[in-house]
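For reference, the structure discussed in these notes is given below.
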Amino acid sequence: MISVCIATYNGGRWILEQLDSIIPQLSPDDEIVISDDGSTDDTIEKILSLKCPLIRIVEGRSCHSPIYNFENALSHAKGDIIFLADQDDRWVDHKVEVMLKGLESYDCVVSDCYVTDSNMNITYPSFFEVNNSHYGRWYNLFFKNGYLGCCMAFNRKVLDRILPFPPHLPMHDIWIANIAAFYYTFGFIPEPLIYYRRHDQTTSVSGSKSNYSLLRRLMFRLNILPPLIAARFRKR
């Protein structure tokens, strides 16, 4: 069983395009868990208009953060395999097939993606290339994060270990991927499997250079280190 976890907040402009790219790739036994963090636009109405039995909407916990809104979605997931999806992207039509193949060898995988503008025009054909992404636990933890949650899928073992999220995370994907990389098996899939939309309402990082100072980025990583070490002793 697959659980696709989506965190929504005022995503009505693009949510149907994203769901239309996901639903055909799932089976009747799979689910899409959507945690909505108090949207004030038509996000929920558009989701409900699909009348899709795979979709389960769970109420957000007034997180005011995509990080802990994703945590809420993940805490409701019932599947053996977990996919993360952003509300404003679009999957390629064989994403699930390729990711499941990767998960036969690894506990967690992250694919490349096309970086696009708001109209889905490709601005960078490879996030991995523009971000200089490559495998390496310490490289990704301390130097250059190459993990995008919207490109990630993992198994139940990883899910059980990442929850609950520790406080003060810089982003959920950094936490999830580092848990997977340090305690399980982790693989990169070089094929772009989503269209990663960047626009002026984007709440996560983009394919562009970080606006944070080197000191701030180092502090983000140092904040992750204690809970990452503590996760070694979590009951699973």
Worksheet item: Is it true that a side-chain atom of N69 and a backbone atom of S35 form a donor plus acceptor pair closer than 3.5 Å?
Response: yes
Worksheet entry | From D37 atom CG to F70 atom CZ, the distance as rounded to the nearest 0.5 Å | 11.5 Å
Practice prompt. May I ask you to list the residues sharing a hydrophobic cluster with M1, side-chain cutoff 4.5 Å, ordered by chain and number?
Written response: none
Worksheet item: Given side chains that start at C-beta, do those of P227 and W175 come closer than 4.5 Å, heavy atoms only?
Response: yes
Item to complete: Evaluate the side-chain proximity of V4 to D30: yes if any heavy-atom separation is below 4.5 Å, no if none is.
Response: no
Discussion item. With rounding to the nearest 0.5 angstrom, report the CD1 to OG distance, I2 to S27.
Written reply: 6.5 Å
Discussion item. Measuring only between side-chain heavy atoms, which start at C-beta, is T185 closer than 4.5 Å to S105?
Written reply: no
Worksheet item: Out of curiosity, does I57 fall in the hydrophobic cluster containing L16 (side-chain heavy atoms, cut-off under 4.5 Å, transitive links)?
Response: yes
Worksheet, complete the sentence: When rounded to the nearest 0.5 Å, the distance separating CG of D117 from OG1 of T123 is 6.5 Å
Worksheet item: When hydrophobic residues are tied together by side-chain contacts of less than 4.5 Å, even through go-betweens, does V158 share a cluster with V33?
Response: no
Worksheet item: In terms of ring plane angle, is the pair Y195 and Y114 parallel, tilted or perpendicular, where the classes change at 30° and 60°?
Response: parallel
Worksheet item: Considering the options Y196, Y147, F188, which one meets the ring-ring contact (aromatic ring centres under 6.0 Å, His included) requirement together with F128?
Response: F188
Worksheet item: Is any side-chain heavy atom of Q25 less than 4.5 Å from a side-chain heavy atom of M99?
Response: no
Item to complete: Determine yes or no for a side-chain-to-main-chain donor-acceptor pair under 3.5 angstrom, with N155 supplying the side chain and K157 the backbone.
Response: yes
Worksheet item: Got a donor-acceptor contact below 3.5 angstrom from the R197 side chain to the S118 backbone?
Response: yes
Practice prompt. Using a 4.5 Å cut-off on heavy atoms from C-beta on, say whether the side chain of F165 contacts that of I176.
Written response: yes
Discussion item. With heavy-atom distances below 4.5 Å as the criterion, would you say the side chains of L84 and F154 are in contact?
Written reply: yes
Worksheet item: Do L100 and I23 share a hydrophobic cluster, counting only Ile, Leu, Val, Met, Phe, Trp and Tyr and linking them when any side-chain heavy atoms are less than 4.5 Å apart?
Response: yes
Item to complete: Kindly indicate, with the supporting measurements, whether the criterion side chain to side chain contact (heavy atoms under 4.5 Å, CB included) is fulfilled by L228 and I179.
Response: CA-CA 7 Å; L228 183 63; I179 288 289; 3.7 Å; yes
Worksheet item: Could you walk me through whether L19 and I55 pass the side chain to side chain contact (heavy atoms under 4.5 Å, CB included) check?
Response: CA-CA 10 Å; L19 290 172; I55 294 175; 4.1 Å; yes
Worksheet item: Are V98 and V109 connected, step by step, through hydrophobic side chains (Ile, Leu, Val, Met, Phe, Trp, Tyr) whose heavy atoms are closer than 4.5 Å?
Response: yes
Item to complete: Give the C-alpha distance, both sets of side-chain angles, the deciding distance and a yes or no for side chain to side chain contact (heavy atoms under 4.5 Å, CB included) between E31 and L26.
Response: CA-CA 8 Å; E31 66 174 2; L26 303 180; over 6 Å; no
Fill in: Any donor-acceptor N/O pair, S126 side chain to E129 backbone, under 3.5 Å
yes
Worksheet entry | Between CD on residue E59 and CD1 on residue I34, distance to nearest 0.5 Å | 14.5 Å
Discussion item. Which heavy atom of C113 sits nearest to which heavy atom of L148, and what is that distance?
Written reply: SG-CD1, 3.8 Å
Item to complete: To the nearest 0.5 angstrom, please state how far the CD atom of E17 sits from the CG atom of D88.
Response: 9.5 Å
Discussion item. What I'd like to find out is whether the side chain of P170 reaches to under 4.5 Å of the side chain of I224, using heavy atoms alone.
Written reply: yes
Worksheet item: Any donor-acceptor pair under 3.5 Å linking the side chain of T43 with the backbone of G12?
Response: yes
Item to complete: For atom OH of Y68, decide whether the heavy atoms of other residues, nucleotides or ligands shown that lie under 6.0 angstrom number more than 12.
Response: yes
Discussion item. Would you say that C108 contacts Y184 through its side chain, given a criterion of any heavy-atom pair below 4.5 Å between the two side chains?
Written reply: no
Fill in: Pair C151-I194, side chain to side chain contact (heavy atoms under 4.5 Å, CB included): steps then yes or no
CA-CA 7 Å; C151 297; I194 75 163; 3.8 Å; yes
Worksheet entry | Point-to-point distance, once rounded to the nearest 0.5 Å, from CG of D36 to CD1 of I44 | 3.5 Å
Practice prompt. Would you please name every residue forming a side-chain hydrogen bond (donor to acceptor under 3.5 Å, both in side chains) with S21, sequence neighbours left out?
Written response: Q18
Item to complete: Output yes when a side-chain donor or acceptor of R161 lies under 3.5 Å from a complementary backbone atom of Y183, and no otherwise.
Response: no
Discussion item. Please determine whether residues Y9 and L74 belong to a single hydrophobic cluster, defined as Ile, Leu, Val, Met, Phe, Trp and Tyr linked transitively by side-chain heavy-atom distances below 4.5 Å.
Written reply: no
Discussion item. Any side-chain to backbone donor/acceptor pair from N178 onto I174? Under 3.5 Å, distance only.
Written reply: yes
